[in-house]
Amino acid sequence: MKMSCRLRGHKEWNVRASTLARNTYNPIRDVIETLQIKPNPKKSYIPLSVGDPTAFGNLQPSENIIDAICDIAKQNDSRNYAPTIGHREARQAVAEYSAHQGMVSADDVILCSGCSHAIDITLSVIADAGQNVLIPRPGYLIHKTLGEGLGIVIKYYDLLPDQNWQVDLESLESQIDENTAAIVVNNPSNPCGSVYTREHLKDIVDVASRNRVPIIADEIYEHFVFSDHEFTAISSVSKDVPVLTCSGVTKRFLVPGWRLGWVIIHDRQNIFNKEIRSGLMSMATRILGPNTLMQKALPRILKETPQSFYDDTIRFIESQAKLAYQELKKTPGLRPIMPQGSMYMMIEIKTSLFPKFDNELQFISKMCNEQSVLCIPGKCFNYPNYMRIVLTVPEEILREACVRITQFCEDHMLKKLDNDVVSIVQGEPTRAASKKNFQKNIA
Ligand SMILES: *Cc1c(COP(=O)(O)O)cnc(C)c1O
């Protein structure tokens with residue numbers, strides 16, 4: 001029997017993904033897929049691409065945190081819902097753990113499902129579609145992925161490879177306009193491994209202060225710094241600029257899958273008024289709070305983890321950084337930049353010495369197909385002609401990877417130098433050539 005009532009819906013099926021979904025794009029996955037890599041089956045595969053410190057099983061979390069989770073899983077009150085911003089005891093523990101950032105109380109802390117969720121709610125509260133947010137180049141593109149999904153315009157300020165990736169302050173200031181809603185500062189940095197001094201952070205804050213732009217601090221690598229370097233929270237050097245600091249347990253405690261992060265609101269001059277604070281609280285209600293098992297364990301995780309655990313982890317990564325730097329410094333055609341913290345190193349590929357390859361993507365896929373070593377192309381960080389390696393892999397594997405990377409460079413570097421090429425290869429013109437490539441690739 002035919003329905004005779006008037007059709008209220010559509011005549012045809014036409015189910016489409018939302019603009020938000022279509023605008024959400026994670027470059028790492030996409031770029032790696034387009035590389036079409038086929039690791040050489042004759043050589044063990046070494047993914048120096050995986051930014052997960054647990055991937056190789058050599059770095060284990062501290063026992064106390066596993067004990068805390070096991071104990072708490074047995075308690076009845078670890079299973080119920082918490083307030084959407086998190087249990088007060090857990091927020092209080094984060095406030096105490098974060099005292100180095102400046103005065104923090106439990107009321108300034110919102111618990112999230114990992115640091116990326118913290119960045120997500122922060123960006124969505126601070127900017128409307130059409131406003132812009134400045135992020136570093138090179139930079140970890142979660143900020144871009146999240147921002148562009150929301151219709152926020154992402155603009156870039158440059159980091160300076162020859163100054164340990166410090167912020168080019170002129171570039172930063174020149175990108176600010178009346179639609180700028182925030183500046184993202186990622187310190188210590190993924191992918192650069194840079195750690196900024198207090199003075200440099202003050203300079204960044206001065207730019208923000210002059211232009212009345214709040215800061216979003218991605219400090220997921222807080223305290224993850226090598227000897228002779230000191231971690232300073234950017235909020236601790238700000239007198240007026242409000243700072244939303246995003247962090248979590250992911251990297252420092254070696255538990256990325258446990259998904260617990262937070263946003264801390266620093267607003268000494270009450271510039272945010274109540275609006276941003278209550279906006280963050282509203283955004284926190286979109287999921288019904290992060291995992292309560294972790295929240296209940298958090299005070300023990302943050303307070304009882306022995307200093308020796310942190311020291312051992314960072315000492316290991318530092319020695320890996322030194323190893324990779326020493327080995328790759330000698331490799332023809334590469335220029336590693338020694339990191340000062342975090343878990344990564346950026347390496348410049350002098351592409352003019354590898355004319356076979358049009359860009360670093362081709363270099364990287366060929367290297368994987370021949371040597372079974374995969375690195376992340378600079379393109380994923382908006383920075384062509386570089387690649388990023390992770391330093392958390394076991395020592396023997398890192399050593400082997402360096403040998404193979406060197407072998408690959410020797411196999412493919414320009415060998416026979418006719419007179420014209422010599423002039424390109426030696427000295428400055430190399431940089432000019434790679435700069436041109438850089439601009440070509442960025443466009
Ligand atoms: C790993 C990482 C994150 C994401 O952390 P989660 O807690 O896993 O969401 C955010 N920012 C940077 C710079 C990272 O390297």
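Read the numbers this way: they start at 1 and go in the same order the structure lists the ligands and their atoms. The residues of the chain are indexed from 1 along the displayed sequence. What you are looking at is a predicted structure, and each value in this text was computed from that prediction instead of being measured.
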Note to self: Can you tell me if His143 contacts ligand 1 (heavy atom of the residue under 4.0 Å from the ligand)?
What the structure shows: no
Next item on the list: Kindly assign one of parallel, tilted or perpendicular to the pair Tyr386 and Trp165, based on the angle between their ring planes and the thresholds 30° and 60°.
Entry: perpendicular
Next item on the list: Mind telling me whether Phe253 and Phe309 have parallel, tilted or perpendicular rings, with 30° and 60° as the class edges?
Entry: parallel
Notebook entry, point to check: Taking the six-membered ring of Phe224, is NZ or CZ of Arg252 closer than 6.0 Å to its centre and within 45° of its axis?
Noted result: no
Note to self: Pairing donors with acceptors under 3.5 angstrom, does anything connect the side chains of Thr180 and Gln175?
What the structure shows: no
Check: Are the charged groups of Glu96 and Lys303 less than 4.0 angstrom apart, N to O?
Finding: yes
Numbering as shown, the atoms of ligand 1 that approach [X] to under 4.0 Å (heavy-atom distance):
{"X": "Arg259", "answer": "6 (P), 7 (O), 8 (O), 9 (O)"}
{"X": "Gly114", "answer": "7 (O), 9 (O)"}
{"X": "Cys115", "answer": "5 (O), 6 (P), 7 (O), 9 (O), 10 (C)"}
{"X": "Asn186", "answer": "13 (C)"}

Nearest to [atom], what protein heavy atom do you find, and at what distance?
{"atom": "atom 11 (N) of ligand 1", "result": "Asp218 OD2, 2.7 Å"}
{"atom": "atom 9 (O) of ligand 1", "result": "Ser116 OG, 2.5 Å"}
{"atom": "atom 2 (C) of ligand 1", "result": "Lys251 NZ, 2.5 Å"}

Check: What do the steps show when you test Asp30 against Lys379 for salt bridge (charged side-chain N to carboxylate O under 4.0 Å, His left out), and what is the final call?
Finding: CA-CA 11 Å; Asp30 210 65; Lys379 185 170 195 240; over 6 Å; no
